[in-house]
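Order of the sequence lines sets the chain letters (A, B, ...), proteins ahead of strands, with each chain counted from 1. All of these numbers come straight from a predicted model, not from anything done at the bench.
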There are 2 protein chains.
Amino acid sequence: MTLAEKAYLSLRNDIVRGDLKPGGALKMADLSARYDMGFSPLREALSRLQGERLVISESLRGFRVSELSLAEFEDALRTRLVIETEALRLSLRLGGDDWAAQLVAATYALKLQAERSGGDIWELETRHHAFHRALLSACGSRWMLDFFEQLYMATDRYRLPVLVGGAGGGGRDLVAEHAALADAALARDETLANRLLVQHYEATAATIRARHGA
Amino acid sequence: MTLAEKAYLSLRNDIVRGDLKPGGALKMADLSARYDMGFSPLREALSRLQGERLVISESLRGFRVSELSLAEFEDALRTRLVIETEALRLSLRLGGDDWAAQLVAATYALKLQAERSGGDIWELETRHHAFHRALLSACGSRWMLDFFEQLYMATDRYRLPVLVGGAGGGGRDLVAEHAALADAALARDETLANRLLVQHYEATAATIRARHGA
DNA sequence: AAACCCGAGATTTTCGAAAATCCTTGTTGC
DNA sequence: GCAACAAGGATTTTCGAAAATCTCGGGTTT
């Protein structure tokens, strides 16, 4: 793996996790020291992240971590719903045994991690991401999957602080929600699966809104 | 504007127009000579274009213009339809007088250019792009607009050779199609506008499919 | 004859300094 | 006192060479 790729993954990770604060300036000298590499791979990574809206740059004034705002969150979430709705529908139609088995596995792994008291929050997050990816993975559209990944990262920046702060948020049972969604998907019940997905999003949106107001 | 931005725009333009051939290797030395700049801004631009799927890179083997394939085209087009369907619906609900006026202007400019015999094909293409952008511009979602732009470029790579080769393709009346779509949009007829959009896509897909088979 | 290895040349990737630009601060002129 | 301006420092952006890696062909071995 090239340094440029490492820079991309490291920066992306640090931004999504909030280690690099929204609005904060990303000075080349600092980054060079932090990640122990020259300017070239860093610039390359930053300009890629700009395309994913995780950083912004003003000409000749360098890069900054992009700001968080409720409006931006709502936009990303509803766009994600548009994409996921269609991708889910396609997955239910096209998914074979491998897809079903992977979905069962992802659901189970998510449950295990969620029920492990004192478990790592980042590990849980990885499982959550994997679940949603598994759900859509059979849609057969690389564009939709790519967009899903981008939007997932964009919305995750808002959800992670909530996760780190309090528990699940608003008395939700994350495991039950996802298990129900998986069951509907495995039963190929498009209508139910879609309704559960929408509810899942509504609940997430409500949690973030509440947090943002507080 | 920085050199990196110029490199991005130039490369993107040259790839979409087909001046840089699909599958062709993009050697740094060649690009450096062609665009008269060093490696840094070029690499930055290429890695951005990789995110938009216009180029691909293998580690330590440089960049290539991404290949064209019918499957890839169909995927991009149907994803575009998912995004545009929703963005169109939102635009019809949210669009004010400015949006309506801009749409009328874009429709008229498209018509003028299309009817100018012997007109520049690239100018026509710019107007076509502007029309579709105007149609969706009031949707209020930056994510959807961004995705639309990406997908438009991805699909345009397939449509442009057809435009350059023969005329409109398959006896279609492009002007009438777009005018009808604009009328439905201005009348806020969501159902009709959506149907026309779907038809527009079907026709485009049919043209490309025929061309690809031939 | 086929497979393998080695080295020269070609190419990508990275670095660090140079050039260009921006920001701050102190000074001048009104 | 205050605005305009200029010098100096900080920072970004770009370049070109160095380092790292890959590719291709010839020669050797089995």
Which nucleotide in the set dG16(C), dT12(D), dT13(C) lies at the smallest distance from any side-chain heavy atom of Met28(A)? dT12(D)
Charged N-O contact under 4.0 Å between Arg17(B) and Glu125(B): no
Nearest whole Å is fine: how far is dT21(C) P from Met1(B) CE? 15 Å
Indicate whether any N or O donor in one side chain lies under 3.5 Å from an N or O acceptor in the other, for Tyr8(B) and Glu52(B). yes
Nearest to the side chain of Pro41(B), heavy atoms from C-beta on, is which of dC15(D), dT12(D), dC15(C)? dC15(D)
Using every non-hydrogen atom in the two residues, find where Trp99(B) and Ser91(B) come nearest and quote the distance to one decimal. NE1-OG, 4.0 Å
Which part of the nucleic acid, if any, lies within contact of Ser40(A), taking any heavy atom under 4.0 Å across all strands shown: a base, the sugar-phosphate backbone alone, or nothing? base
Met37(A) side-chain proximity, nearest of dT14(C), dT13(D), dC15(C): dC15(C)
Parallel, tilted or perpendicular, judged at 30° and 60°: which one describes the rings of His178(B) and His200(B)? perpendicular
Using the side-chain heavy atoms of Phe63(A), tell me which of these nucleotides is nearest: dT12(C), dT14(C), dT13(D). dT13(D)
Assert: residue with more 5' nearest nucleotide on DNA chain C, out of Ser59(A) and Glu5(A), is Glu5(A)
Ranking dT12(C), dT13(D), dT13(C) by distance to the side chain of Lys27(B), first place goes to dT12(C)
Interatomic distance, Leu3(A) CG vs dT12(C) P [rounded to whole Å]: 17 Å
Minimum-distance pair of heavy atoms, taken over all atoms of Glu72(B) and Tyr158(B): CG-OH, 3.2 Å
Given dT13(C), dT12(D), dT14(D), the nucleotide with the shortest approach to the side chain of Arg43(B): dT13(C)
Whole angstroms only, please: what is the NZ-C1' distance between Lys6(A) and dT13(C)? 12 Å
At under 4.0 Å between heavy atoms, what does Leu46(A) touch on the DNA or RNA strands: base, sugar-phosphate, or nothing? nothing
Atom pair distance, as rounded to whole Å: CD in Glu44(A) and P in dT13(D): 15 Å
Interatomic distance where CG belongs to Leu42(A) and C1' belongs to dT14(D) [whole Å]: 15 Å
Calculate the interatomic distance between Leu31(A) atom CG and dT11(D) atom P; express it in whole Å. 12 Å
Return the 5'-most residue of the pair Leu60(B), Arg61(A) with respect to DNA chain C, ranking by each residue's nearest nucleotide. Leu60(B)
d(CZ, Phe39(B); C1', dA17(D)) in whole Å: 10 Å
In this structure, how many angstroms lie between the C1' atom of dC22(D) and the CD atom of Glu58(B), rounded? 12 Å
